[in-house]
Amino acid sequence: MLVRDFDRSQEYSTTTVAMVTSSYDGIINVMAAEWTIRSSIDPFLISLYVGYERKTYEMVRASGEFGLSYSSSDQAEIVHISGNYSRRSLDKIGTGMFPLLPSNRIKAPLIAGSICNFECRVVDEFPCGDHAIFVGEVLEGYYDDSKSPLVFHGGKFYRLGDRIPKKRTSEY
Ligand SMILES: Cc1cc2nc3c(=O)[nH]c(=O)nc-3n(C[C@H](O)[C@H](O)[C@H](O)COP(=O)(O)O)c2cc1C
């Protein structure tokens, strides 16, 4: 049944969640972000939307870099922690719960066990309501096809469901 609800309607789009890593001034941080999107093929750009009040906003702004680790279905617990605690009250990386993978081109590490990871350099920043859009040029990309993505829908985590076969366009 179609429900008219301005506030909750956004929860019913389906996303996956990236863990955004940043490093500045001796601090390493991680936060969950479902609002990321590839924004250019060549150059390879990914836009990341970060609320101005997040510690991550300060750190990405100051360092000009960020890592993106797209969550696998094994990572629901750490995604939940990264998205519900701020570095202002908890040293998330210091808990030892986030397995780190060294980066090649940026200071911030990546999160090991993800389905894909990107190392990004900020090439632009735009204001967008209560979030900033950081446009990241992808310097390195990695994937692990033994992993399955974490699906985020209606505020809950799921595993990917069955594949739906599609016809070739010539069959229509
Ligand atoms: C599933 C999920 C997705 C989220 N997506 C975003 C997002 O796209 N952008 C954002 O600014 N915050 C997002 N958040 C909220 C931040 O992850 C949260 O405020 C976090 O505590 C910020 O951490 P920090 O202050 O250490 O940077 C999300 C939270 C969850 C649980």
Side-chain angles (χ1 to χ4, degrees), residues 5-40 45-101 103 106-111 113-136 138 147-161:
D5 188 322
F6 184 83
D7 291 320
R8 292 206 63 199
S9 51
Q10 195 277 329
E11 287 180 31
Y12 287 82
S13 66
T14 301
T15 58
T16 190
V17 185
M19 287 176 279
V20 181
T21 42
S22 52
S23 170
Y24 186 71
D25 209 16
I27 295 176
I28 300 173
N29 192 25
V30 58
M31 91 160 206
E34 58 165 329
W35 294 354
T36 67
I37 187 125
R38 185 165 184 168
S39 312
S40 164
L45 303 175
I46 299 181
S47 298
L48 162 67
Y49 291 65
V50 184
Y52 287 106
E53 72 277 20
R54 317 278 191 244
K55 181 68 180 173
T56 296
Y57 174 76
E58 271 177 45
M59 294 183 60
V60 172
R61 183 109 218 276
S63 64
E65 298 178 340
F66 59 90
L68 290 177
S69 296
Y70 283 88
S71 321
S72 67
S73 53
D74 311 325
Q75 294 176 313
E77 187 178 11
I78 56 174
V79 170
H80 181 67
I81 292 167
S82 70
N84 285 281
Y85 294 90
S86 173
R87 179 60 175 75
R88 299 184 200 289
S89 56
L90 176 72
D91 177 2
K92 291 175 265 190
I93 297 293
T95 62
M97 294 180 74
F98 293 83
L100 302 180
L101 185 68
S103 290
I106 63 171
K107 280 205 180 127
L110 302 165
I111 306 298
S114 303
I115 187 162
C116 56
N117 307 80
F118 300 98
E119 299 178 23
C120 302
R121 179 173 66 94
V122 175
V123 292
D124 248 318
E125 179 187 339
F126 302 98
C128 185
D130 52 10
H131 281 59
I133 307 174
F134 288 114
V135 180
V138 177
K147 303 284 180 194
S148 181
L150 184 72
V151 175
F152 188 57
H153 178 79
K156 297 183 177 69
F157 297 127
Y158 296 88
R159 292 190 174 80
L160 201 62

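Every value quoted in this text rests on a predicted model; they were computed, and no experiment measured them. When a ligand or atom number is given, it counts from 1 through the structure's own listing order.
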Donor-acceptor pairs under 3.5 angstrom involving side-chain atoms of residues 150-159: please list them, not counting sequence neighbours.
from, atom 1, to, atom 2, distance (Å)
His153, ND1, Thr14, OG1, 2.8

What does the 4.0 Å heavy-atom contact list look like for ligand 1?
Val17, Asn29, Met31, Ala32, Ala33, Glu34, Trp35, Tyr49, Val50, Gly51, Arg54, Lys55, Thr56, Ser82, Gly83, Asn84, Tyr85, Ser86, Arg87, Lys92, His131, Phe152
Whether Trp35 and His131 hold their rings parallel, tilted or perpendicular, with breakpoints at 30° and 60°:
tilted
Salt bridge (charged side-chain N to carboxylate O under 4.0 Å, His left out) filter on Arg38, not counting sequence neighbours, yields none
With sequence neighbours left out, what residues match Phe66 under ring pair (Phe, Tyr, Trp, His ring centres under 6.0 Å)?
none
Are the side chains of Val50 and Val60 in touch, meaning some heavy atoms are under 4.5 Å apart?
no
Indicate yes or no: at least one non-hydrogen side-chain atom of Arg121 is less than 4.5 angstrom from one of Val123.
yes
